[in-house]
Protein chains: 2
Amino acid sequence: MAKSTTPGNPAAVRQRGVTMKDVAKHAGVSRTAVSFVLSNRENASISEETRTRINHAVQELGYRPNAGARALASRRSDWYGIVTEIVTAPFAVDIIKGAQDQAWLDRRFLLIAPSDQADAVGPNQGLEDAATEKLLEQRVEGLLYAATFHRGVHVPESANEVPTVLINCFDADGKLPSIVPDERGGGRVAVERLLQAGHERIGVINLDPVIPAAVGRLEGAREALAVAGLELDPELVVSGYATADGGYDAACLILDRYPPKDRPTALFCLNDRMAMGAYDAIKERGLTIPGDIAVIGFDNQELIAAYLRPKLTTVALPFEKMGALGVQTLSALTAGQPIIADQQLVDCPLLERSSV
Amino acid sequence: MAKSTTPGNPAAVRQRGVTMKDVAKHAGVSRTAVSFVLSNRENASISEETRTRINHAVQELGYRPNAGARALASRRSDWYGIVTEIVTAPFAVDIIKGAQDQAWLDRRFLLIAPSDQADAVGPNQGLEDAATEKLLEQRVEGLLYAATFHRGVHVPESANEVPTVLINCFDADGKLPSIVPDERGGGRVAVERLLQAGHERIGVINLDPVIPAAVGRLEGAREALAVAGLELDPELVVSGYATADGGYDAACLILDRYPPKDRPTALFCLNDRMAMGAYDAIKERGLTIPGDIAVIGFDNQELIAAYLRPKLTTVALPFEKMGALGVQTLSALTAGQPIIADQQLVDCPLLERSSV
DNA sequence: CTGGGCATGTGACTTAGGTTACCCGCGTTA
DNA sequence: TAACGCGGGTAACCTAAGTCACATGCCCAG
């Protein structure tokens with residue numbers, strides 16, 4: 001008697017791996033014919049009858065193509081690799097979602113490799129390199145690099161071997177195409193919204209002033225003010241740590257610096273965490289949002305923005321869209337098509353809630 | 001003249017794919033020898049000199065093994081697949097992190113497939129099936145299913161073809177091993193902490209009472225009280241929507257129901273979002289945290305817990321650990337080892353911050 | 001001087017499937 | 001009547017590896 005590890009389990013009866021050979025035998029044709037039918041070759045001439053016989057055999061045997069073997073023989077893996085620190089930082093996980101959805105549409109698989117470093121520059125570049133190396137071993141057809149916050153990065157050299165696109169970051173050496181948020185546009189719409197609500201004296205709670213996000217958003221704010229014939233009062237711009245505490249401290253500074261009549265009537269917080277702190281500072285002083293002070297944030301961190309009371313009006317970072325666009329750009333590159341621009345800006349839309 | 005797409009780029013000179021054959025030729029040995037050296041076979045007898053010659057050739061040619069071909073020939077893919085809605089719900093992204101880190105340690109690759117459904121039960125099971133199918137085509141050696149919240153799920157049939165482990169969920173049919181948080185233990189430590197701080201009259205802001213999280217956490221709370229000779233007052237348990245607003249409403253109810261002296265001195269919120277709402281209700285009434293009312297949460301949603309003011313003491317869901325344990329369990333299963341238990345409970349540790 | 005053993009490798013076969021060149025029989029056409 | 005085309009299909013080779021049985025060559029013992 002033959003041994004059976006799982007008697008009575010029909011899945012165990014079916015051999016470990018049903019191959020094309022088995023299907024061919026079952027259908028009484030050559031393996032080549034099966035291959036032609038399954039890969040739906042246009043110039044192959046197989047009669048309708050044989051075709052259905054083969055398809056039946058596929059069904060009956062529960063044949064499942066072996067993606068690895070297929071990739072080997074066809075020299076196309078249908079895989080893209082994405083290297084990201086996002087796995088460690090849930091903040092921008094939407095990039096992955098966007099990329100994966102788009103990849104799924106393009107019938108491609110996304111291989112996600114973790115990069116444990118916040119910064120790809122510097123001596124400890126080993127980890128990205130390992131991730132990139134691993135991905136190339138899998139013969140990915142293209143590479144994506146995604147960062148948790150908008151900045152310049154250095155990408156391992158071996159990335160040059162396949163088409164590569166950067167998401168939410170840009171190549172410090174200026175060679176690779178990238179997808180980044182339109183920070184300036186975001187800053188503009190935020191301040192436009194405040195102006196539209198009648199606020200002319202606007203305090204800004206700024207991030208570290210050198211990072212691209214701060215530079216762009218502030219520039220946008222200035223543009224919006226300029227259109228209204230106003231200028232940004234440098235005294236009303238306070239930088240702080242990019243945390244709730246930082247926002248609290250900065251808000252206190254701004255709010256306490258002036259007598260009530262000179263006090264700004266709106267705060268533009270350059271991220272939602274700082275807005276969270278600003279809320280506390282405002283409430284502590286017995287002021288209401290948006291009655292006494294309107295607040296607008298940036299980033300649209302769902303957990304914060306949607307749950308603050310009142311809900312925070314903020315500008316969203318288009319992570320999902322950037323992810324999708326990254327894959328689209330990569331598809332174009334791997335297909336040999338020219339890409340539109342080296343750096344693509346993606347809109348940061350205003351999310352109207354209740355704090356303005 | 002030969003055309004060159006990227007003239008002057010040394011990477012372009014190197015042929016598209018360096019294979020073992022090239023390495024062998026370069027080193028003046030057979031392909032077999034190269035294979036033996038690279039796969040570090042113990043029983044292979046290759047002289048030290050040949051070995052270094054081969055390694056040199058590998059370096060010089062920049063040889064990179066083709067993972068697909070290797071998998072095909074060796075019949076081992078070194079891949080695990082994970083099906084998860086997490087890509088769409090950043091909440092529990094740490095499961096992926098834990099799993100991926102562990103997979104990396106085990107020298108395995110994690111293939112992440114998206115499942116767009118909140119619930120694997122029901123007629124629309126197509127998506128998980130597609131994801132599972134795709135993963136099996138890649139010949140993953142094992143499957144993981146991860147859910148965003150602790151619950152029972154149905155897994156597609158084909159998952160039975162390879163070892164499978166469920167993370168943060170359990171098999172509604174009771175056949176597959178699973179890794180879930182020890183909700184009861186978490187509820188216990190939360191209430192123990194409150195008791196230790198001298199609180200005896202504790203309000204509970206409950207979730208939907210039928211979900212496993214609510215059942216377990218409440219049970220744990222009762223246990224802790226019982227040890228102290230106390231009982232849970234049913235009047236002090238209020239269920240609400242699992243949002244900040246729900247928490248606010250529930251907290252208002254509890255706080256306003258009693259005169260100040262009978263009012264509970266502590267609130268156990270069964271998730272952090274509700275705790276966020278409770279904070280507002282408490283502050284609105286001019287009460288202080290933790291002075292007048294202590295608050296303890298559950299879930300440790302970083303963005304909330306670490307940024308609330310005062311920072312929220314809460315019980316953490318051990319996502320990362322569950323992910324790692326899932327992979328460990330899968331490794332054991334694929335190696336044919338017996339597993340410890342069908343359902344493994346993972347501790348939910350208390351995270352001491354400033355709200356108690 | 002012959003055979004056994006050991007150290008070093010190697011040819012040939014496998015894995016699962018893609019691809020090309022060609023075969024066979026039959027009807028058309030120059 | 002030979003050549004050609006065409007529908008229908010197949011043998012044989014290719015992809016990039018792993019693996020096993022066997023082939024050298026050399027030393028030493030019998």
Side-chain angles (χ1 to χ4, degrees), chain A residues 14-55 57-58 61-79 134 136-141 161, chain B residues 14-55 57-58 61-79 136-141:
Chain A
R14 184 199 307 159
Q15 266 63 6
R16 266 294 130 203
V18 178
T19 73
M20 273 199 170
K21 212 155 107 188
D22 304 320
V23 174
K25 197 187 294 177
H26 196 81
V29 296
S30 73
R31 209 184 47 65
T32 308
V34 178
S35 173
F36 283 178
V37 169
L38 292 189
S39 51
N40 235 331
R41 275 172 72 108
E42 296 181 0
N43 52 346
S45 57
I46 309 279
S47 71
E48 205 48 48
E49 196 247 312
T50 312
R51 215 171 273 272
T52 57
R53 232 180 36 250
I54 290 176
N55 283 325
V58 165
L61 298 181
Y63 168 73
R64 180 160 29 225
N66 181 318
R70 194 208 292 270
L72 179 61
S74 67
R75 301 151 135 276
R76 308 194 40 217
S77 65
D78 285 340
W79 290 337
K134 271 281 179 203
L136 289 173
E137 282 183 12
Q138 310 294 336
R139 294 302 187 268
V140 293
E141 291 177 22
E161 297 178 27
Chain B
R14 185 200 303 157
Q15 264 65 4
R16 267 291 133 206
V18 178
T19 74
M20 274 199 170
K21 213 155 105 187
D22 305 321
V23 175
K25 196 189 294 177
H26 196 83
V29 297
S30 73
R31 211 187 44 70
T32 309
V34 177
S35 173
F36 283 178
V37 168
L38 291 189
S39 52
N40 235 331
R41 277 171 71 110
E42 295 183 359
N43 53 346
S45 58
I46 308 279
S47 72
E48 205 47 49
E49 195 246 312
T50 312
R51 212 171 275 271
T52 56
R53 225 172 50 243
I54 291 176
N55 284 326
V58 165
L61 298 181
Y63 168 74
R64 178 160 32 223
N66 181 318
R70 196 208 291 270
L72 179 61
S74 66
R75 301 151 134 276
R76 307 192 41 214
S77 66
D78 286 341
W79 289 339
L136 288 173
E137 281 183 12
Q138 310 294 336
R139 296 301 187 267
V140 294
E141 291 177 22

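Here the structure is a predicted model, which means the values were calculated and not measured.
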How would you label the contact of [X] with the nucleic acid (heavy atoms, under 4.0 Å): base, sugar-phosphate, or nothing?
X: B:S45; value: base
X: B:L72; value: base
X: A:V29; value: sugar-phosphate

Check: B:S39 side chain, D:dA17 base, donor-acceptor under 3.5 Å: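 Under the 3.5 Å cut-off, the side chain and the base do not form any donor-acceptor pair.
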
Distance-only donor-acceptor test (3.5 Å): side chain A:S74, base C:dG18: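 Checked by distance alone, the answer is no.
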
Close side-chain approach of [X] and [Y], heavy atoms under 4.5 Å:
X: B:K25; Y: B:M20; value: no
X: A:S77; Y: A:Q138; value: no
X: B:Y63; Y: B:L38; value: yes
X: A:V29; Y: A:R53; value: yes

From [options], nucleotide with atom closest to [X] side chain:
X: A:A33; options: D:dT10, C:dT10, D:dT19; answer: D:dT10
X: A:F36; options: C:dT19, D:dG18, C:dG11; answer: C:dT19
X: B:R31; options: D:dG7, C:dT19, D:dT19; answer: D:dT19
X: A:T19; options: D:dT19, C:dA16, C:dT20; answer: C:dA16
X: B:S35; options: C:dA16, D:dT19, D:dG9; answer: D:dT19

Is there a side-chain contact between [X] and the phosphate of [N], meaning an N or O under 4.0 Å from OP1 or OP2?
X: A:T50; N: D:dG9; result: yes
X: B:S30; N: C:dT10; result: yes
X: A:S47; N: D:dG8; result: no
X: A:R70; N: C:dA16; result: no

Atom-pair distance (CD1 on B:I46; C1' on D:dC20), nearest Å: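 Nearest whole value for this atom pair: 14 Å.
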
Atom-to-atom span, CZ of B:R75 to C1' of C:dT14 - whole angstrom: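 Taking atom C1' of C:dT14 as the reference, CZ of B:R75 is at 9 Å.
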
Contact nearer the 5' end of DNA chain C, comparing B:R139 with B:R51: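 Its nearest nucleotide lies further toward 5', so the answer is B:R51.
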
Between B:S47 and B:T50, a side-chain donor and acceptor under 3.5 Å: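 Side chains of B:S47 and B:T50: pair found under 3.5 Å.
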
